[in-house]
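Structure record follows, encoded as structure tokens.
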Amino acid sequence: MHRFEDLKIWQKAMDITENCYRVSAGFPSEEKYNLTSQIRRSAVSIPSNIAEGAGRNSNGEFKQFLGIANGSSYELLTQLYLSERLNLVSKETIKPIVNEIIDVCKMNYSLQKTLTKS
């Protein structure tokens, strides 16, 4: 069992979630139950799965939840790219978030490798 609040990957994933909430707040109201909701659910899923995995009984279980978090990261990237293509947000606005997501994916992969060695 790991203390998830101390994990840099979880902290960075929380920053991503916060930033996604801020960006999606500016979306049109007709997107409230569509892309806005989808972006927020994907973003929340990343730190949530990291935390859930950290609370599991084995490194194998933790690694499994990190894999789910990684999938949510790619889902979120797709939704942000779609938001840009639909002109709901500018490339300049999402670029920092995209870079944060890519960093979290790299951190995730590294953490999974260390859990495999244990």
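Everything numeric in this text was worked out from a predicted model, so none of it was measured.
Here the closest heavy-atom approach between residue Phe4 and residue Ala54 is recorded as CB-CB, 3.8 Å. Closest heavy-atom contact between Thr17 and Ala43: OG1-O, 2.9 Å.
Linking ILVMFWY side-chain heavy atoms closer than 4.5 Å, directly or via other members, places Val98 and Met14 in a single hydrophobic cluster. Leu7 and Leu115 fall within the same hydrophobic cluster, defined by Ile, Leu, Val, Met, Phe, Trp and Tyr side-chain heavy atoms under 4.5 Å apart, directly or through other members. Residues Ile101 and Met107 share a single hydrophobic cluster, defined by chaining ILVMFWY side chains whose heavy atoms lie under 4.5 Å apart. Each of Ile9 and Tyr109 belongs to its own hydrophobic cluster when Ile, Leu, Val, Met, Phe, Trp and Tyr are linked at side-chain heavy-atom distances under 4.5 angstrom. Transitive grouping of hydrophobic side chains (ILVMFWY, heavy atoms separated by less than 4.5 Å) brings Leu111 and Ile102 into a common cluster.
Ion pairing between a basic and an acidic side chain is recognised when a charged N comes within 4.0 Å of a carboxylate O; Asp15 and Lys12 show no such pairing.
Between Val23 and Ile39 there is no side-chain heavy-atom pair separated by less than 4.5 Å. At least one side-chain heavy atom of Cys20 sits under 4.5 Å from a side-chain heavy atom of Ile16. Contact of the Ile46 side chain with the Trp10 side chain is not registered, since no non-hydrogen atoms from C-beta on lie closer than 4.5 Å. Counting only heavy atoms from C-beta outward, the side chains of Leu76 and Leu80 approach each other to under 4.5 Å. Side-chain contact between Cys105 and Tyr74 is present, with at least one heavy-atom pair separated by less than 4.5 Å.
For the residue pair Gln38 and Glu75, a side-chain donor N or O sits within less than 3.5 Å of a side-chain acceptor on the partner. Side-chain atoms of Gln79 and Ser42 include a donor-acceptor pair closer than 3.5 Å. For the residue pair Ser90 and Thr93, a side-chain donor N or O sits within less than 3.5 Å of a side-chain acceptor on the partner.
Side-chain atoms of Glu61 come within 3.5 Å of backbone atoms of Asn57 as a donor-acceptor pair (strictly under, hydrogens ignored). No donor-acceptor pair closer than 3.5 Å links the side chain of Asn70 to the backbone N or O of Leu66.
Each of Asn108, Thr114, Thr116 was compared with Gln112 under the side chain to side chain donor-acceptor pair (under 3.5 Å) criterion, and only Asn108 meets it.
A distance of 9.5 Å separates CG of Asn49 from OG of Ser73, quoted to the nearest 0.5 Å. Atom CD of Glu100 is separated from atom NZ of Lys95 by 12.0 Å, given to the nearest 0.5 angstrom. Of the inter-residue distances, the one linking Ser37 atom OG with Lys32 atom NZ reads 10.0 Å to the nearest 0.5 angstrom. The distance from atom CZ of Phe65 to atom CD of Glu52, rounded to the nearest 0.5 Å, is 3.5 Å. Atom CD of Gln11 is separated from atom CD1 of Ile50 by 10.5 Å, given to the nearest 0.5 angstrom. We find the CD-OG distance between Glu31 and Ser83 to be 7.5 Å, quoted to the nearest 0.5 Å.
With sequence neighbours excluded, the residues satisfying side chain to side chain contact (heavy atoms under 4.5 Å, CB included) with Ser24 are Phe27, Thr36, Arg40.
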